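The structure appears right after this line, and notes come after that.
What you see is a predicted model, and the numbers here were worked out from it, not measured in a lab. These values consider heavy atoms only, across backbone and side chains, with no hydrogens, waters or symmetry-generated copies.
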Amino acid sequence: MTALVAAEAPLAAPPVDRASVTHSVSEACARASAYAMPLIGADIVLVAQRTGRTLSEPVVALVATPPFTQSAMDGYAVVACDGIEVGTRLRVVGRVPAGSRGDEIAPGQATRLFTGAPIPEGADAVIMQEHVDRDGDSIILRRAIRVGDNIRIKGEDVQPLEILLQAGERLDARHVALAAAQGIGTFKVRARPQVAVISTGDELRQAGNALEPSAIYDSNRPMLLALIEQSGLVPIDGGWVPDRPEMIADRLRCMAERADLVVTSGGASLGEEDHALEALVRADGSGETLKIALKPGKPAVVGRIGSAAYLGLPGNPVSSLVCWLLLGRTMTSSLEGREPPRRLGFPLPSKSAFARRAGRTEFVPVKLVEGHDGLGVEILGRGGSARLQPLAEADGLAEIAAENDGVRPGDVVLFHPLRGGFAI
């Protein structure tokens, strides 16, 4: 591991099996988060190269932004005073491109200037070039202008010593731009969690190997490793292990020495061939099985092994995906010392019907469709926890509330986009 967890941090969740209790999605995320302790350690990284990292300390403004009063448009700086009426003629006395400074102007005069150029002394407004007629060394106003029009005041965006970004903020291109505009070249960020992924199951085969009639190719591990990398974390390929509790336990111990979070897929349910919790205990770890009011992805195992957090995901690929997006992202947020991610969705009407029983929050693959009544979502068949093609065709997942006993055309669901990043 690149970072250690605080040794004195107590386990917030008891190491017991609570499979008899059904948790809501929010409750399950909270229990999973309790097993993931914030990492100690920080890196200094270049501003322009490190989106996806989490700040370990606040970023404070060094200078005012903008650093001087400037033009917001290509046009002419003027002295507006109480306003200048349409038809007024002004004499052009200078020209100021961005990066230059002009001379002071007086009432009745104008200076040609461009977006971002400093406002000359005496000027208090800028009239857009589209709103004047040029006549030799004069302009004639086609629109009235008032004091302050089309001007960016010094410091109107940022004042020196203002806190720009708080510790715990996950950086993206917006934050990079804000820091770069201050001349800040580096961020101090928290250590990146290292996440190991292990596939379990006698039926699994790896790409390039022969596929017997009773076997399937392993899709979960490649999918999870890709999700982890896409999230800005450090993926560790923990390989494949057969359904043997002692072998799984050995692999868990090995990966727990290298990773901050160890993830397995398969064996997380309550059947006699489901060994995730047993293997966790054999590996000298502790944890619990979470029975979640969720579809797909009802069972999951959470816990700790030494200084590493543990997450056991279901074996069906869509269940594994949904559980990772909910529980896995919550746990990695805790490792990075961030607030748990909020499950935000866009309320959109369904264009199709979907029969279901109330009782579990359900995520189904959907496509965005534009109709005569506006934008909505079309549910892609029954989906299913083992079907990957509808997921690959989807623009996102629709979240159907637990109390909803079915979706009818026009009913509103929450849309979570998948393209360009996973949003739930």
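- Put simply, the side chain of Y35 never gets that close to the backbone of M331: no donor and acceptor are under 3.5 Å apart.
- Within a 6.0 Å radius of CD in E339, other residues, nucleotides and ligands contribute 12 heavy atoms or fewer.
- Sorted by first and then second residue, the salt bridge (Lys or Arg N to Asp or Glu O under 4.0 Å) pairs with a member in residues 148-165 form an empty list; sequence neighbours excluded.
- Just one residue in the list I228, D260, L233 forms a side chain to side chain contact (heavy atoms under 4.5 Å, CB included) with T332, and that residue is L233.
- When atom types are taken as modelled, the side chain of R251 and the backbone of G238 share a donor-acceptor pair closer than 3.5 angstrom.
- The minimum heavy-atom distance between S319 and P314, with the atom names listed, is CB-CB, 3.8 Å.
- The distance from the CZ atom of R357 to the CG atom of D405 is 12.0 Å, given to the nearest 0.5 Å.
- Side-chain atoms of S286 and V281, non-hydrogen and from C-beta on, never get closer than 4.5 Å to each other.
- Side-chain N or O atoms of R190 include one that pairs as donor or acceptor with a backbone N or O of G337 at under 3.5 Å.
- Looking only at side-chain heavy atoms (C-beta outward), V377 and D395 stay at 4.5 Å or farther from each other.
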Inset, instruction - Go through Q166 and L55 one step at a time and tell me if the side-chain contact (heavy atoms from CB on, under 4.5 Å) criterion holds. - result: CA-CA 7 Å; Q166 297 285 355; L55 283 175; over 6 Å; no
Inset, instruction - Take L375 and E370 through the test side-chain contact (heavy atoms from CB on, under 4.5 Å) and record every step on the way to the result. - result: CA-CA 5 Å; L375 187 66; E370 184 77 51; 3.9 Å; yes
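- Between R205 and E212 there is a salt bridge, since a side-chain N of the basic residue sits under 4.0 Å from a carboxylate O of the acidic one.
- Looking at heavy atoms from C-beta onward, L280 lies in side-chain contact with V301 at the 4.5 angstrom threshold.
- Between the side chains of Q182 and T65, at least one donor N or O lies within less than 3.5 Å of an accepting N or O.
- Rounded to the nearest 0.5 angstrom, F363 CZ and R343 CZ are separated by 5.0 Å.
- Here the CG atom belonging to L171 is positioned 7.0 Å from the OG1 atom belonging to T54, to the nearest 0.5 angstrom.
- The backbone N or O of V147 sits nowhere less than 3.5 Å from a side-chain atom of D124 that would complete a donor-acceptor pair.
- The nearest pair of heavy atoms linking A276 to A268 is CB-CA, 4.0 Å.
- When each of L164, L165, I163 is tested with P58 by the rule side chain to side chain contact (heavy atoms under 4.5 Å, CB included), just one qualifies, namely I163.
- With contacts defined as side-chain heavy-atom distances shorter than 4.5 Å, the pair V96/I119 does not qualify.
- Listed here is the closest heavy atom pair of L326 and C29: O-SG, 3.6 Å.
- Side chains of T264 and T200: no donor on one and acceptor on the other come within 3.5 Å.
- A donor-acceptor pair shorter than 3.5 Å cannot be found between the side chains of D172 and T51.
- In this structure the side chain of K295 never reaches within 4.5 angstrom of the side chain of R356, judged on heavy atoms.
- For the pair R387 (side chain) and V318 (backbone), a donor-acceptor distance under 3.5 Å is absent.
- Taking CZ from R143 and CD1 from I127, the interatomic distance works out to 8.5 Å, rounded to the nearest 0.5 Å.
- For CG of L211, the number of neighbouring non-hydrogen atoms (other residues, nucleotides, ligands) closer than 6.0 Å is greater than 12.
- Each of S265, S219, P222 was evaluated against S199; a single residue qualifies, S265, per the side chain to side chain contact (heavy atoms under 4.5 Å, CB included) test.
- In terms of modelled atom types and a separation under 3.5 Å, the side chain of K367 and the main chain of L380 share no donor-acceptor contact.
- In this structure, R304 fails the cation-pi test against Y310, since its NZ or CZ atom is not both closer than 6.0 Å to the six-membered ring centre and inside 45 degrees of the ring normal.
- Distance check: Q206 CD to W240 CH2 gives 7.5 Å after rounding to the nearest 0.5 Å.
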Legend entry - Step-by-step side chain to side chain donor-acceptor pair (under 3.5 Å) determination, S33 to T330: CA-CA 6 Å; S33 176; T330 297; over 6 Å; no
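- Within a 6.0 Å radius of CZ in R146, other residues, nucleotides and ligands contribute 12 heavy atoms or fewer.
- V158 places a side-chain heavy atom less than 4.5 Å from the side chain of L178.
- To the nearest 0.5 angstrom, E336 atom CD is 8.0 Å from L39 atom CG.
- Formation of a donor-acceptor pair under 3.5 Å by the R360 side chain with backbone atoms of L294 is found in this model.
- When all heavy atoms of A279 and P245 are compared, the closest pair comes out as CB-O, 3.7 Å.
- Shortest non-hydrogen contact noted between V78 and I105 is CA-CD1, 4.0 Å.
- Within a 6.0 Å radius of CD in E229, no more than 12 heavy atoms belonging to other residues, nucleotides or ligands are found.
- Using a 4.5 Å heavy-atom cutoff, the side chains of L204 and N220 are not in contact.
- Annotation for L311 and W324: closest pair CD2-CE3, 4.0 Å, computed over non-hydrogen atoms.
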Inset, instruction - Verify side-chain contact (heavy atoms from CB on, under 4.5 Å) between M73 and E130, making sure each step is shown before the conclusion. - result: CA-CA 10 Å; M73 300 286 177; E130 296 92 336; over 6 Å; no
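- Side chain of H23 to main chain of A293: no donor-acceptor pair is present (N/O by atom type, distance under 3.5 Å, no hydrogens or angles).
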Legend entry - Full working for side-chain contact (heavy atoms from CB on, under 4.5 Å) between E288 and L290: CA-CA 6 Å; E288 58 184 300; L290 297 178; 3.6 Å; yes
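- Using a 4.5 Å heavy-atom cutoff, the side chains of L368 and L348 are in contact.
- Formation of a donor-acceptor pair under 3.5 Å by the S56 side chain with backbone atoms of K188 is found in this model.
- Ion pair R244/D202 flagged as a salt bridge, since at least one NZ, NE, NH1 or NH2 atom sits closer than 4.0 Å to an Asp/Glu carboxylate oxygen.
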